[in-house]
Amino acid sequence: MSDCIFCEIAVGRSPAAVEYEDERVIAFADLYPIAPVHILITTKKHIPSIAKLASEDESLVGHLVLVAKKLAENRQLEGYKLIFNVGEKGGQVVPHLHLHLLGGWDTKPTSLPA
Ligand code: 5GP
Ligand code: ZN
């Protein structure tokens with residue numbers, strides 16, 4: 001989708017600090033980080049949100065989570081949060097499926113964000 005910022009990043013038409021990329025997913029630094037480490041792992045396929053997943057996307061979402069785990073290991077994060085915001089009322093602003101990897105705090109964070 002050409003009017004979707006994450007699709008534009010996925011095809012290299014918009015800049016991003018890319019951390020990882022393969023044929024199915026791309027991971028890049030969040031432009032407005034809310035944690036010392038804040039990486040977005042997104043699908044290259046345009047899927048609006050978790051709420052729009054089809055059963056055929058099962059392995060793709062599994063892959064998304066495993067890439068997040070690998071990135072956390074690469075950054076040597078001892079603990080981290082993985083968050084999907086789903087829909088406007090779930091705090092989702094960009095309507096393209098993405099997983100937030102948050103971590104790098106010195107102290108124990110709150111169990112859930114406000
Ligand atoms: P959401 O609230 O939709 O789950 O999260 C969207 C995230 O995308 C936010 O954390 C926001 O800072 C980030 N973001 C929005 N626009 C851009 C952009 O153009 N580039 C990057 N790298 N991150 C973005
Ligand atoms: Zn998109």
Side-chain angles (χ1 to χ4, degrees):
M1 274 180 70
S2 61
D3 60 344
C4 171
I5 182 61
F6 288 177
C7 282
E8 290 292 288
I9 289 172
V11 296
R13 274 200 294 263
S14 285
V18 176
E19 299 259 343
Y20 173 84
E21 181 173 10
D22 63 27
E23 65 285 353
R24 289 188 286 171
V25 305
I26 182 167
F28 48 86
D30 196 293
L31 202 55
Y32 308 100
I34 59 165
V37 175
H38 189 170
I39 299 170
L40 302 172
I41 305 98
T42 81
T43 54
K44 289 195 168 175
K45 173 184 175 184
H46 182 85
I47 300 171
S49 85
I50 285 281
K52 300 291 182 189
L53 278 181
S55 54
E56 70 190 31
D57 299 319
E58 186 171 350
S59 76
L60 177 58
V61 175
H63 183 56
L64 206 65
V65 173
L66 287 172
V67 167
K69 169 184 177 276
K70 194 73 194 158
L71 290 170
E73 287 169 357
N74 291 349
R75 294 295 196 108
Q76 297 181 311
L77 300 179
E78 287 178 26
Y80 49 92
K81 293 180 187 290
L82 296 178
I83 297 175
F84 286 109
N85 292 324
V86 184
E88 280 182 35
K89 290 196 173 173
Q92 186 178 3
V93 174
V94 177
H96 178 129
L97 186 70
H98 54 280
L99 178 58
H100 293 256
L101 167 62
L102 299 163
W105 302 281
D106 288 333
T107 55
K108 191 177 163 196
T110 55
S111 62
L112 283 173

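All of these numbers come straight from a predicted model, not from anything done at the bench. Indexing begins at 1, ligand by ligand and atom by atom, following the structure's order.
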[X] side chain near [Y] side chain, heavy-atom distance below 4.5 Å:
X	Y	value
Ile34	His100	no
Val94	Thr42	no
Phe6	Leu97	no
Arg75	Ile39	yes

Taking [atom] as the reference point, the nearest protein heavy atom with its distance:
atom	result
atom 5 (O) of ligand 1	His98 NE2, 3.1 Å
atom 15 (C) of ligand 1	Val94 CG2, 4.0 Å
atom 10 (O) of ligand 1	Asp30 OD2, 2.5 Å
atom 3 (O) of ligand 1	Val93 N, 2.7 Å
atom 19 (O) of ligand 1	Ile5 CG1, 3.5 Å
atom 18 (C) of ligand 1	Leu31 CD2, 3.8 Å
atom 22 (N) of ligand 1	Ala29 O, 2.9 Å

Which ligand 1 atoms does Asn85 reach within 4.0 Å, using its non-hydrogen atoms?
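Once the distances to Asn85 are compared, the set is 1 (P), 2 (O), 4 (O).
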Any idea which atoms of ligand 1 are less than 4.0 Å away from a heavy-atom of His100?
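This gives 1 (P), 4 (O), 5 (O), 7 (C), 10 (O) as the contact atoms.
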Tell me whether Gly91 reaches ligand 1 (any heavy atom closer than 4.0 angstrom to a ligand atom).
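A heavy atom of Gly91 does come that close to ligand 1.
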Taking the non-hydrogen atoms of Phe84, is any one of them nearer than 4.0 angstrom to ligand 1?
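False for this residue.
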What do we get for Ser14 next to ligand 1 when only non-hydrogen atoms under 4.0 Å count, side chain, backbone, both or neither?
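Neither part.
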When you look for heavy atoms under 4.0 Å from ligand 1, do you find them on the side chain of Ile83, its backbone, both, or neither?
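No part of Ile83 is near ligand 1 at this cut-off.
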If hydrophobic clusters are built from ILVMFWY residues whose side chains come within less than 4.5 Å, do [X] and [Y] share one?
X	Y	answer
Leu40	Phe84	no
Leu60	Ile26	no
Val65	Val37	yes

Return a yes/no value for [X]: is any of its N or O atoms, backbone included, closer than 3.5 angstrom to an N or O of ligand 1?
X	answer
Ile9	no
Ala16	no
Phe6	no

Which value, rounded to the nearest 0.5 Å, describes the distance between Ile83 atom CD1 and Leu102 atom CG?
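Answer for the CD1-CG pair, Ile83 versus Leu102, is 5.0 Å.
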Just by distance, do the side chain of Gln92 and the backbone of Ile50 share a donor-acceptor pair under 3.5 Å?
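The answer is no, because no donor-acceptor pair under 3.5 Å joins these two groups.
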Does Val11 offer a backbone N or O that forms a donor-acceptor pair with the side chain of Lys44 under 3.5 Å?
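Not at all, since once roles are kept as given, no pair shorter than 3.5 Å links the two residues.
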Would you confirm whether the ring centroid of His98 sits within less than 6.0 angstrom of the ring centroid of His96?
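No.
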If we count only N and O atoms by modelled type, under 3.5 Å, do the side chains of Asp30 and Tyr32 hold a donor and an acceptor together?
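No, no side-chain donor-acceptor contact under 3.5 Å.
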Using a cut-off of 6.0 Å, state whether more than 12 heavy atoms not belonging to Lys52 lie near its atom NZ.
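It does not: Lys52 NZ has 12 such atoms or fewer within range.
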Tell me if the CD atom of Gln76 is crowded by more than 12 foreign heavy atoms within 6.0 Å.
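No, CD of Gln76 has 12 or fewer neighbouring heavy atoms, counting only those of other groups under 6.0 Å.
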Polar protein atoms near the Zn ion (ligand 2) [N, O or S; cut-off under 2.8 Å]:
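Counting only protein N, O or S atoms under 2.8 Å from the Zn ion (ligand 2), the list reads Cys4 SG, Cys7 SG, His46 ND1, His96 ND1.
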